[in-house]
Amino acid sequence: MLRSVILAASRSSQVERLVATAPYTRDVVRRFVAGAATDDALRATRGLVDDGLAVTLDHLGEDTVRPEQATATRDEYLKLLKMLGGAGLTPAAEVSVKLSALGQMFDEQLAYDNARAICAAADAAGTTVTLDMEDHTTTDSTLEVLSRLRKDFPSTGAVLQAYLRRTESDCRELSSAGSRVRLCKGAYKEPESVAYQSAREVDKSYVRCMNILMSGDGYPMLATHDPRMIAIGEDRARWFDRGPERFEFQMLYGIRPEEQARLASEGYTVRTYVPYGDEWYGYLMRRLAERPANLVFFGRALISKK
Ligand SMILES: Cc1cc2nc3c(=O)[nH]c(=O)nc-3n(C[C@H](O)[C@H](O)[C@H](O)COP(=O)(O)OP(=O)(O)OC[C@H]3O[C@@H](n4cnc5c(N)ncnc54)[C@H](O)[C@@H]3O)c2cc1C
């Protein structure tokens, strides 16, 4: 219930104004977002790589409605990739891209062209791109763009969301050799017709999908902070004899950093998803919806506005 309310608020410009102007918001944002500028992203990446972690960088922004915004997002990724390559941070650091930030909502071909330019820049810098997955209305379009991109850039990564009923079948489709697939639970508000609603059902689906990916021929990327899912992932890695070069764990910047360090120290590949940029609102609200404990910060922000 609380999750649904917060996810609904994540699409409200009125609530966004209220949250953005509240005094404590900056503290909450700093916890989950590396900073506003490209240099902030590079600094955070350097720190994580020095600590033995891999990184995927996300320039915040989504649901773009104007071609100029989509082009500006593309250009930011091109700049970022050049800087990452120049700083010797590739291939440890790759990028994560939302097609809706590249124009998917109004022109799928434009989103493809922009994503293709980013894949070419990543390739030139010696690294890869993963296409984030957004709400279920975009799944078919995103998988279609992915399959076009993979013709020229076969290492382009996909994201599949265990809460969607279709995902087991998508995992089977995408578990072939060379296919990089990030498996997450899913962060959007979805109707019962397409998505499991209870945490128990989502967890069971996550394990079924993990079994398909870990027993397949691709490169699974297990994105979760859930101790039970992580333990099952460790178990499947032993069972299917997958060493650190054949799968990875992924977690978000600022969430369970001690667990990220523990897994890395045990020899696993661990990738931290690092968001940066000004447009943090939708991202922050999804993080709050996942963990009611974070609402304590949020509540303080709103109360101190008065
Ligand atoms: C690298 C990465 C990339 C992602 N990309 C996408 C994407 O492209 N599309 C998409 O829809 N979603 C994406 N997500 C978000 C994902 O779908 C989930 O919404 C999010 O990860 C929460 O699910 P969970 O598996 O971590 O566990 P949850 O079900 O949220 O929590 C399970 C348990 O994990 C532990 N836990 C969770 N959060 C915390 C915390 N903050 N502090 C301490 N313990 C915690 C607690 O023990 C909790 O009970 C991504 C997540 C990650 C990690």
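Residues: numbered from 1 along the sequence shown. Because the structure is a prediction, the values reported are computed rather than measured. Atoms within each ligand, like the ligands themselves, are counted from 1 in listed order.
- In terms of polar-atom proximity, P227 is not counted as a contact of ligand 1, lacking any N or O under 3.5 Å from an N or O of the ligand.
- Interatomic distance, I230 CD1 to R256 CZ, rounded to the nearest 0.5 Å: 5.0 Å.
- Between the side chains of Q260 and T272, a donor-acceptor pair is found at a separation under 3.5 Å.
- Within a 4.0 Å radius of atom 5 (N) of ligand 1, the protein contributes at least one heavy atom.
- Residue-level proximity to ligand 1 for L252 is carried by backbone and side chain together, each with a heavy atom below 4.0 angstrom.
- Among E258, K185, R287, the residue whose heavy atom lies nearest to atom 29 (O) of ligand 1 is K185.
- Not a single heavy atom of M229 sits under 4.0 Å from any atom of ligand 1.
- For ligand 1, the atoms lying closer than 4.0 Å to a non-hydrogen atom of G186 are 11 (O), 16 (C), 17 (O), 19 (O).
- In this pair, Y283 and Y273 present their aromatic rings parallel. The plane angle is below 30°, not in the 30 to 60° band.
- Atom CD of Q109 has more than 12 heavy atoms from other residues, nucleotides or ligands within 6.0 Å.
- Other residues sharing the hydrophobic cluster of I212, ordered by chain and number and joined by side-chain separations under 4.5 Å: none, the residue standing alone.
- Using a 4.0 Å heavy-atom cutoff, K98 is absent from the residues neighbouring ligand 1.
- Comparing D132, D226, D58, D203 by heavy-atom distance to atom 32 (C) of ligand 1, the nearest is D226.
- If you check which protein heavy atom lies closest to atom 50 (C) of ligand 1, you get C184 CB, 4.1 Å.
- The shortest N or O to N or O distance between Y273 and ligand 1 is not under 3.5 Å.
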In sequence, state the C-alpha distance, the side-chain angles, and the governing distance for R262 and E259, and then conclude on salt bridge (charged side-chain N to carboxylate O under 4.0 Å, His left out).
CA-CA 5 Å; R262 178 192 74 81; E259 178 65 357; 2.9 Å; yes
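- Considering both main-chain and side-chain atoms, A223 never comes within under 3.5 Å of ligand 1 through any nitrogen or oxygen pair.
- Atoms of ligand 1 found under 4.0 Å from any heavy atom of R256 (numbered from 1 in listed order, with element): 42 (N), 43 (C), 44 (N), 45 (C).
- Applying the side chain to side chain contact (heavy atoms under 4.5 Å, CB included) test between Y276 and each of D39, T45, L60, L57 identifies L57 as the sole match.
- Atom 18 (C) of ligand 1 has E290 OE2, 3.6 Å as its closest protein atom, hydrogens excluded (heavy atom only).
- Below 3.5 Å of separation, one finds an N or O of Q161 facing an N or O of ligand 1.
- Ionic pairing of R43 and D40 is present here: one or more N-O contacts between side-chain nitrogen and carboxylate oxygen are shorter than 4.0 angstrom.
- In this structure, atom 38 (N) of ligand 1 lies nearest to the protein heavy atom R291 CD, 3.7 Å.
- The heavy atom nearest to atom 35 (C) of ligand 1, out of those in H225, R182, E259, is found in H225.
- Between D63 and K98, none of the side-chain N atoms (NZ, or NE/NH1/NH2) sits under 4.0 Å from a carboxylate O, so this pair counts as no salt bridge.
- For atom 9 (N) of ligand 1, the closest non-hydrogen atom of the protein is M133 O, 2.8 Å.
- Within the listing of ligand 1, atoms 11 (O) sit less than 4.0 angstrom from a heavy atom of Y188.
- With sequence neighbours left out, E192 forms a side-chain contact (heavy atoms from CB on, under 4.5 Å) with R165, Q197.
- In this structure, a donor-acceptor pair under 3.5 Å is present between the side chains of T130 and E94.
- The shortest separation from a heavy atom of R228 to ligand 1 is not under 4.0 Å, leaving the residue out of contact.
- Of all atoms in ligand 1, numbered sequentially from 1 with element shown, those under 4.0 Å from a heavy atom of T224 are 24 (P), 25 (O), 26 (O).
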From CA spacing to verdict: salt bridge (charged side-chain N to carboxylate O under 4.0 Å, His left out), D203, K185:
CA-CA 8 Å; D203 287 358; K185 290 190 186 177; 2.9 Å; yes
